[in-house]
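Below is one structure; the comments refer to it alone.
Numbers restart at 1 for each chain; the letters A, B, ... are given by sequence-line order, proteins then strands. Keep in mind that what you see is a predicted model, and the values were worked out from it rather than measured.
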Amino acid sequence: MSISETDRGLHRWSPHLACSSAGDFEMVAAVAARSGEQMQFMLLFSRQGKLRLQKWYVPLSDKEKKKITRELVQTVLARKPKMCSFLEWRDLKIVYKRYASLYFCCAIEDQDNELITLEIIHRYVELLDKYFGSVCELDIIFNFEKAYFILDEFLLGGEAQETSKKNVLKAIEQADLLQEPRHEYFNVPVY
Amino acid sequence: MSARTQCEERGVIQRECAAIRAQFRQADNGGRSHNLAKLLYVHMLGYPAHFGQMECVRMIASPRYSEKRVGYLGAMMLLDEKQDASLLITNSIKNDLSNSNQYIQSLALCTLACMGSAEMCRDLAPEIDRLLRASNSYIKKKAALCAVHIVRKVHDLGELFTKAARSLLTEKNHGVVHGAVVLITELCERNSETLERFRKTVPDLVQIMKGLVISGYSPDHDVAGISDPFLQVRILRLLRILGRNNEGASDAMNDLLAQVATNTDSTKTVGNAVLYETVLTVLDIKSESGLRVLAVNILGRFLLNNDRNIRYIAMTSLQKIVGTDHNAVQRHRGTIVDCLKDQDASVKRRALDLSLALVSASNIRSMMKELLSFLSSCPPELRSQTASGIFNAAERYAPSQRWHIDTILHVLTTAGGDVRDETVPNLIQLITNTSELHCYTVHKLYRALLSDISQQPLVQVACWCIGEYGDLLLRGECQETEPVQVTEDDVLDVLETVLQSHMSFPSTRGFALTATMKLSTRITENVDRIRSIVSIYGSCIDVELQQRAVEYNALFKKYDHMRAAVLERMPVIEKNSQGHINGETIKESQTVKVKPGEPQHLLFKRLMHSPWLNTDLKLMQPSTLSVFSVVATVTVYEKDGVTVTLSCEKQSDSGLTVTLTASNSTESDIRGFTLQAAVPKSVQLHMKAPSGDSLPARGAAKVTQMVVLNNPNKVQLAYLQLVSEVFDLSPIFYSFGSQNI
C-alpha cells in the first residue's frame, strides 16, 4: 500500500488521529525524533479510569501528559475483553493487559517487539506480586511509592535493567533496609 | 478519609495541600518524606503540585536515604527537563553518582536516565563513562542504560561510550550484558561508522546466544523454559542491525538463527516473542533462502495460533514482506482472508491490508467476493480504504467488463458515501467505453435508483446513464438482463424525484437536470413535461441549477434547431490515463480534445456532457464558445479579420505561461485593443503588460500579451476567460487539462 493511500485513509479511520490543537502537534513532533525503539511511557489505571501509576520516559508537559492519559484510558477501556492486546494509537503501538482490576498499559515505538513487551508487563506484575504477597489494587494505592521503587529497579530509561526476578527483589529488599525507621511510610489516605 | 464527590475531593485535597505547604516551610522535621509522598499522590490524582518542586531538590540533597529516595521519585514525577528547577539537581546527582553506597548511586542513575536534559547529560557523561568501566555489576548495568539515554539526548556523546560498551559484552552478569547490548544497538543506530566497527562483535553475540539457547536450565533467568528471553530478544535485534545489507555478518549468524527458529518452544507467548524477533531478523538480513522459507513458515503457523495477539503480529510481519516474498505469503491467503471476519478491528485492518496486497489475476473472482462481503459489514473507519482497494483491484484484474461494472456498482450501493470523488467520472468513462453493455448498465442503474436515491455517487452515475441511454430503457428489451416495462413518465418521475429530494447534493441535482434535458431528444411524447421542468428550474434558488435551466430553456427556444445535435449520444471519451485510478496518482488528461474542423456546437455539447463538468464552470453562449485543449498554438478567435492565438508553456508542476497573440488583417487599424482575463477562484493569474494597444491594419504587426497562471490546488478544470471589445461582446473560453496545469 503506497504511502499516499495510507495518508488519505488515516483521517477517516480514526478521528482522534487528526492533529487539531497545537498540543497534539507538539506531541507528534517530539516523537518523530526518536530511533523507533523505546518504551515511551507506562500507565496503570483502574476499570473506572483512575490513574494508579504513571511513568514517563519522554519529556512532555503536564498538559500533554494529561491529554494523552485521558485519551488512552478512554480508548483502552472501550476495548472488549477478547480483543487483541495491541492497538495502534497515534503513531505509537500500545500494549496493554488487564490484571484483576488494573490495566497495565505501555506505549512502545515502531521497531519494538510487542510480545516481549507483554512479557515485561507480566514480569512487573510478578515482581509486585512477590513483594506485596498476592498483590491487589489496594496495595498499589496505599504503597504507590513502593510500586515506583520496584518499577525503577526493573526498568531504567524504559529498558529492562535486570532480567532476573530474584535479583530485582533482592535489591529492593536491601534498599528497604536502608530506610531510616522513623520514616517508614504510613498509609496514605485514599481519595 | 474518603471523599464521595469530585467537589468534596477537591476540598479535601486543598486542605491537605495547605497543610503540606506549611510543613515544607518548617525546618527539618521527621515527616518530610511522608509529606512529599502525600503530595506526589495528590499529583497523580491530577492536581497541581508545583510547590513541591523545591522540596524535591532539598530532599535529594538530604543525607537520609529515605528522604533522598522520595526526593528523587518526586524529581522524576515533577521535574521533567522542561522545568528550570531540574538543573538544580545536577550537582546532587553528580555527588550521588560517586557515593559509596550503591543504592544511592542507583537513585542518581535512575533519575538521570529518566529525566536528564541534554545539558545535564553533557555535564555528567564522563561520570557515567567512569562507572561503565570501574564499578560492580549492579552499577554497571544501570550505567549502561543511563548511557543509552545520554546518547539519545546528545548523539555526539556516543563516541565516548563506544570502547566501554565493547568490553561490557564479555561480562558474565546478564543484566550487564543486556545493558551493553542495548547500548551498542543505540550507538550503531546513530552512527554508521560505529556500526561498521561493531560488526566484529557478531561472533561474540552468536556465542552468547548459543549459550542461552543450548545451556541447561538456569533458574535465575528462566521464563517458561526459555533462558533469559529479554536478553535473547535484544541480541537478535542487534544482530538484525549488524547483518542488514552485509553478506559476511549475515552468513556468520545464519546457523544460529536457524537453530533458534527450530528449537524455541512455541507453546507459550514468551517463546513466540523470541521466535517473532528471530523472524524479523531473518527477513531483514541477507539470509539464505532456506532460512527465509523457515521464517515465513513460522509466520504461517502464527496465523493459525489461537492467540489473537500472535495472529495480529503475524499479519504485521507478512505485510512487510508481501512485496518481496509474494508467493510465500500467497500460500497463507486463505487464513488471512478468514481473519477479515475476526471480531477485533485491529486484526481486521491488518487482514484487509494483506488481502488487498494478495489480489492477483488468478484469484480475483474469489477474493472480490470476500472483499465485497467484508465491505458490507466492516467497521465504518475501514470502508473508504476497502472501497479504494476494491476499485484498484477491479481496475487491474477485471476478468470482464461486465464484472468490472457490476463490481463498481456493488461498491456504490454498499458504501457510496465513502468513495472518492473521481469514482463518478471514472465509472462513467468505463460505461461509455463498454457500448455492448449500455442497455444492461442503464437497466441496472434504473433499478438501483428506484430502491434508493441516497447514495450520491450512485445516483449521479445513474442519472447520467438514464439521460444518455434512456431510449434503451424505454425500448423494453435487453439481452443481458430482464428488461423493464417503463413509460416515459416513469423515467421522468425518477429524475424528478432526484431533483426534488432533500438528500440530493447540488451536483447530483445538476446531473438530474441535464439528464432530463437530454431525454428531450430520446423520448417522443413527453417533451412538454421536460420543457416545463426546465423552465421551473429557471428560477431555482441554486445559482448553478438556475443557470443550467436558463441555458436549456434557451436551447429549447432560440436554438431548437441545434438541440438534437447538441444532445446526441456522447462519443467515446478518450482517456490518456497511466492506468491508475482511485487512490494512486491520477495523471489523466481530462481535456476535451479538438477534432480538426469540428463544428462549434459539437464542442459545446461535449463540454456540457463531460462528466468532469465542475459545477463552478460557467457555460457560455453556444455561438461564441470555443473550447480547446492545450496544444502548441491554438487559434482561439478568428472573425472579421481579427485573429487571436494562444500558446502555452509549462513552467512547473502547477504553473503555466500563456502567450496571447493578436493580429488584424482588415484594411484599417484597430485602436484601443485590450484583453482581459478571468480564471476560477483557486487559480492565480498574473497578466503582464501587452506589447501594445493597437492592431495595425493588414497584419503589419502583432500584439502579444503574456499571462502567467498558477494552479496550486490542481483545480481539475482550470480555464481562462478572455474578454475584449472586439469579441462580439462575448468572451472566449479556454480550458486546460489537468495534465497541463
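- Rounding to the nearest 0.5 Å gives a distance of 7.0 Å between NZ of A:K80 and CD of B:Q343.
- Using a 4.5 Å cut-off between heavy atoms, B:V223 contacts chain A through its side chain alone, with no backbone atom that close.
- Between chain B and the options A:L53, A:D152, A:L51, heavy-atom pairs under 4.5 Å are most frequent for A:D152.
- A salt bridge is defined here as a Lys NZ or Arg NE, NH1 or NH2 lying under 4.0 Å from an Asp or Glu carboxylate O, and A:R79 with B:D344 meets this definition.
- In terms of heavy-atom pairs under 4.5 Å with chain A, the best-connected choice from B:G175, B:C110, B:P229, B:P48 is B:C110.
- For A:I116, the parts sitting under 4.5 Å from any heavy atom of chain B are the backbone and the side chain alike.
- Taking every heavy atom of both residues into account, B:S106 and A:E153 meet most closely at OG-OE1, 4.1 Å.
- Summarising the geometry, atom CG belonging to A:D176 is positioned 7.5 Å from atom OH belonging to B:Y65; distances are rounded to the nearest 0.5 Å.
- Residue B:T111 does not touch chain A at all, counting heavy-atom pairs closer than 4.5 Å.
- Atom OH of A:Y148 is separated from atom CE of B:M76 by 9.5 Å, given to the nearest 0.5 angstrom.
- A distance of 12.5 Å separates CZ of B:R64 from CD of A:Q179, quoted to the nearest 0.5 Å.
- The shortest non-hydrogen separation linking A:Q38 to B:R152 is CG-NH1, 3.1 Å.
- The side chain to side chain donor-acceptor pair (under 3.5 Å) check on B:T316 picks up B:R350, with sequence neighbours excluded.
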Quiz prompt | side-chain contact (heavy atoms from CB on, under 4.5 Å) assessment of B:H43 paired with A:D62 | solution = CA-CA 10 Å; B:H43 172 75; A:D62 251 358; 3.9 Å; yes
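- Heavy-atom proximity under 4.5 angstrom to chain B picks out A:R123 from residues 122-134 of chain A.
- Within a 6.0 Å sphere centred on NZ of A:K65, heavy atoms belonging to other residues, nucleotides or ligands number more than 12.
- For residues 155-165 of chain A, a heavy-atom distance under 4.5 Å to chain B picks out A:L156, A:G157, A:E159, A:A160, A:Q161, A:E162, A:T163, A:S164, A:K165, given by residue number.
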Quiz prompt | Evaluation steps, side-chain contact (heavy atoms from CB on, under 4.5 Å), between A:E145 and B:R69 | solution = CA-CA 10 Å; A:E145 73 286 353; B:R69 212 181 188 193; over 6 Å; no
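- For A:K66, the NZ atom sits in a packed shell: over 12 heavy atoms of surrounding residues, nucleotides or ligands are nearer than 6.0 Å.
- For chain A, the nearby part of B:N101 is the side chain; its heavy atoms alone come within less than 4.5 Å.
- Looking at B:V182, only its side chain comes within 4.5 Å of chain A, counting heavy atoms on both sides.
- For a residue to count as touching a neighbouring chain, one of its non-hydrogen atoms must lie under 4.5 Å from one of that chain's; by this rule B:M115 does not touch chain A.
- Between chain B and the options A:L87, A:T69, A:I120, heavy-atom pairs under 4.5 Å are most frequent for A:I120.
- Here B:S346 contributes atom OG and A:M83 contributes atom CE; the two are 5.5 Å apart, rounded to the nearest 0.5 Å.
- Heavy atoms closer than 4.5 Å to chain A are found in the side chain of B:Y138, but not in its backbone.
- Applying the side chain to side chain donor-acceptor pair (under 3.5 Å) rule to A:E137 yields the partners A:R52, A:S101; only residues at least two apart in sequence or on another chain are considered.
- With respect to chain A, the highest number of heavy-atom pairs below 4.5 Å among B:T269, B:I313, B:D342 belongs to B:I313.
- Atom CG of B:N309 is separated from atom CZ of A:F86 by 4.0 Å, given to the nearest 0.5 angstrom.
- Ring geometry for B:Y41 against A:F144 counts as tilted: the plane angle lies between 30° and 60°, on a 0 to 90° scale.
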Quiz prompt | CA sep, side-chain torsions, deciding dist, call: A:K55, B:C114, side-chain contact (heavy atoms from CB on, under 4.5 Å) | solution = CA-CA 9 Å; A:K55 189 77 189 180; B:C114 180; 3.9 Å; yes
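- Annotation: side chain of A:K166 is not in contact with side chain of B:P219 (no heavy-atom distance under 4.5 Å).
- The candidate from B:E277, B:R237, B:R311 with the greatest count of non-hydrogen atom pairs under 4.5 Å with chain A is B:R237.
- Contacts between B:L112 and chain A at a heavy-atom distance below 4.5 Å are absent for every atom of the residue.
- The residue among B:Q102, B:H174, B:H178, B:H149 with the most heavy atom pairs within less than 4.5 Å of chain A is B:H178.
- Taking 4.5 Å as the limit, some side-chain heavy atom of B:Y276 sits within range of a side-chain heavy atom of A:E114.
- Heavy atoms closer than 4.5 Å to chain A are found in the side chain of B:T185, but not in its backbone.
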